[in-house]
2 protein chains.
Amino acid sequence: MGNQLEIRHLKYFLAVAEELHYRKAAERLYISQPGLSRQIKQMEEDLQLQLFSRNNRKVELTKAGAYLKTEIVRNLKNLDNIIEHAKLLHDGVEGNLKMGYVGSAMQKIIPNLLLKLKEVYPNTVFSLNEMNNQKQIDALLAEDIDVGFVRLDRVPERIAIKPVLIENFCLVLPKAHPIEENNFSSIKQLENDSFILFDPNYSISYYEKVMRIFDDAGFSPTVTHNTIHAGSIYKLVENNFGVSIVPRSLQVEHIKGVKFIELKQVPHKTTLSFVWNKDNRNPILKQFLKNIINKM
Amino acid sequence: MGNQLEIRHLKYFLAVAEELHYRKAAERLYISQPGLSRQIKQMEEDLQLQLFSRNNRKVELTKAGAYLKTEIVRNLKNLDNIIEHAKLLHDGVEGNLKMGYVGSAMQKIIPNLLLKLKEVYPNTVFSLNEMNNQKQIDALLAEDIDVGFVRLDRVPERIAIKPVLIENFCLVLPKAHPIEENNFSSIKQLENDSFILFDPNYSISYYEKVMRIFDDAGFSPTVTHNTIHAGSIYKLVENNFGVSIVPRSLQVEHIKGVKFIELKQVPHKTTLSFVWNKDNRNPILKQFLKNIINKM
DNA sequence: TTAATTAATAATAAAATAGTATTATTTTGA
DNA sequence: TCAAAATAATACTATTTTATTATTAATTAA
């Protein structure tokens with residue numbers, strides 16, 4: 001085969017496969033359209049297969065082309081990860097682990113974890129990215145992150161899941177609210193309060209679980225505010241905009257204007273789970289699972 | 001980064017990483033040594049890391065270089081697999097599945113399987129390679145084959161294993177041998193016969209299992225011949241060179257000069273297992289596991 | 001100490017890629 | 001229906017990149 005396939009060809013191909021338009025793809029690649037045409041043709045000749053079916057006007061992926069598109073994306077991303085890791089090795093770092101987490105894990109789980117990690121892996125780089133549940137799953141599948149902390153009960157097949165914290169919910173009330181730990185019996189007592197909850201868009205499954213608490217109590221809450229930060233919830237509660245329900249691990253002692261009541265009698269629990277991609281070959285992940293996660 | 005990493009660089013790098021010698025590597029690549037030097041230097045500049053530590057005389061991989069070597073081999077092999085599969089798609093074939101198997105699976109398991117496969121996947125190409133147990137494991141890890149049939153009890157972590165046939169052993173005797181189905185009680189009766197067995201190099205664990213049968217019976221057999229083909233065993237037995245023990249599935253009806261006695265009372269069984277690499281993403285493999293293997 | 005061997009460098013030759021101008025087709029819209 | 005616009009391909013030229021040859025500095029072995 002007189003020619004040799006190069007990464008250049010793969011990248012050019014992906015651009016055309018995404019744009020399905022030679023001129024636009026060429027623009028994106030900062031090269032001329034005829035040059036791109038020729039490189040794609042060369043790639044087709046080298047692989048001895050047709051990537052696109054095109055009739056001077058329409059550009060469409062063939063079956064083989066469509067398959068190559070997804071697999072080459074994956075292969076090139078893998079190469080990037082390899083190189084990134086090699087650079088870290090070169091800098092004297094043992095490895096790196098990219099973590100995703102939902103905001104509610106930052107209160108207690110993640111900070112403790114980070115302390116432990118720094119001790120056990122002094123030469124490993126840990127990067128943290130707050131993302132919602134679904135974003136983490138997507139990022140795991142694309143191998144953009146190595147591990148995640150989510151509040152989900154079900155995950156796709158390629159993703160492994162391990163619960164790390166099963167906890168009760170907590171009521172968040174303003175300090176002056178008539179309901180106290182000792183006169184609280186049911187959430188029904190809050191039927192007339194308005195509720196500040198986490199935005200359902202942030203995590204549908206979490207939101208639905210909270211709604212089931214109200215269902216069981218036999219009323220629909222008035223939801224006046226949606227937010228994605230526990231801090232905002234506390235501020236709103238403190239200023240009498242309403243009351244809230246949060247996972248117990250978000251309970252903080254030193255907040256002045258609010259008080260917490262743990263819903264011990266409510267059967268619904270929220271589970272913070274650790275997730276990772278079964279295909280992920282980051283050597284740090286393996287140790288991480290063995291030394292950290294299994295001891296939580 | 002003025003330059004762009006290409007597959008050429010990766011292949012050149014692998015050659016030097018394997019030879020640890022620029023001139024020899026250049027020879028292997030059919031290019032000149034200075035050209036190779038420059039390309040490696042270019043790759044180091046592009047990646048911003050040192051691949052080799054070299055002092056005009058000695059060439060050694062750095063830590064990052066050693067890591068890159070194994071991972072790039074894997075990445076390039078993956079790219080090859082992708083392209084191979086795409087070519088098959090282009091030829092109107094749905095997919096391909098490369099199978100390894102130990103010879104003893106060819107008697108009954110593989111032929112039946114192939115018939116079923118041709119029915120269920122008329123547009124898939126199946127390639128068969130007879131290899132011993134260890135070779136199959138190595139080939140699976142290198143993704144040279146997709147699935148295997150082995151007689152092993154333990155496999156490495158990245159390999160999944162599923163038993164498909166647990167069977168008794170069988171004595172193979174010449175037709176004229178005094179021992180018959182009805183006067184046979186223990187293998188001890190064959191203490192003075194010489195034995196023809198499968199070569200221990202072909203599969204140590206299988207050989208050891210057979211030896212345990214003799215241990216339990218309380219004698220050490222005289223092993224006069226080692227072979228790796230059931231057919232050779234039968235020929236040798238037929239011509240009174242000795243007797244043998246084989247898995248029951250190797251029992252064939254229409255062999256003239258030999259007779260079989262199933263060792264029903266012997267607790268040792270031999271297990272033919274189906275194995276595959278957990279990381280393997282061949283779409284045919286997934287269907288194969290669901291539709292064929294789980295129904296065996 | 002000399003000869004041989006190694007990887008790197010410099011200069012030049014060869015090859016490959018990219019760009020410009022142009023063309024054959026096809027679509028769009030007046 | 002016909003002109004204008006837009007698309008991908010082709011031909012040719014310029015530019016860039018890669019490869020080769022000749023040579024050098026450094027190291028080892030005889």
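Each chain gets a letter, A, B and so on, in the order the sequences are listed, and its residues count up from 1.
Remark: aromatic rings of A:Phe198 and A:Tyr207 are distant, center separation not under 6.0 Å.
Remark: P of C:dA15 and CZ of B:Arg8 are 15 Å apart, rounded to the nearest angstrom. One interatomic measurement links the two molecules: CG of A:Leu29 to P of C:dG19, which rounds to 10 Å at whole-angstrom precision. Atom P of nucleotide D:dT7 and atom CG of A:Leu20 are separated by 14 Å, given to the nearest angstrom. Regarding A:Gln33, its CD atom lies at a distance of 12 Å from the C1' atom of C:dT20, rounded to whole Å. The nearest whole Å value for the distance from the CD atom in B:Glu27 to the C1' atom in C:dT6 is 13 Å. In this structure, A:Tyr22 atom OH and C:dT25 atom P are separated by 18 Å, rounded to whole Å. Atom NE2 of B:His21 and atom P of D:dT28 are 13 Å apart (whole Å).
Which of D:dA9, C:dG19, C:dA7 sits closest to the side chain of A:Arg38 comes down to C:dG19. Counting only heavy atoms from C-beta on, A:Gln42 has its side chain closest to C:dT17 among C:dA8, C:dT17, D:dT21.
Using a 4.0 Å heavy-atom distance criterion, A:Tyr12 is classed as a sugar-phosphate-only contact.
Not a single donor-acceptor contact under 3.5 angstrom links the side-chain atoms of A:Gln39 to the base of C:dA18.
Nearer to the 5' terminus of DNA chain C, by closest-nucleotide assignment, is the contact made by B:Arg23 (compared with the other of B:Lys41 and B:Arg23). Residues A:Glu6 and B:Pro34 each lie close to DNA chain C; by heavy-atom proximity, the contact nearer the 5' end of the strand is made by B:Pro34.
In this structure, the side chain of A:Gln50 engages the main chain of A:Phe52 through a donor-acceptor pair within 3.5 Å.
You'll find the side chain of A:Lys24 stays beyond 4.5 Å of the side chain of A:Val16, heavy atoms only. The shortest side-chain heavy-atom distance between B:Glu84 and B:Asn96 falls under the 4.5 Å cut-off.
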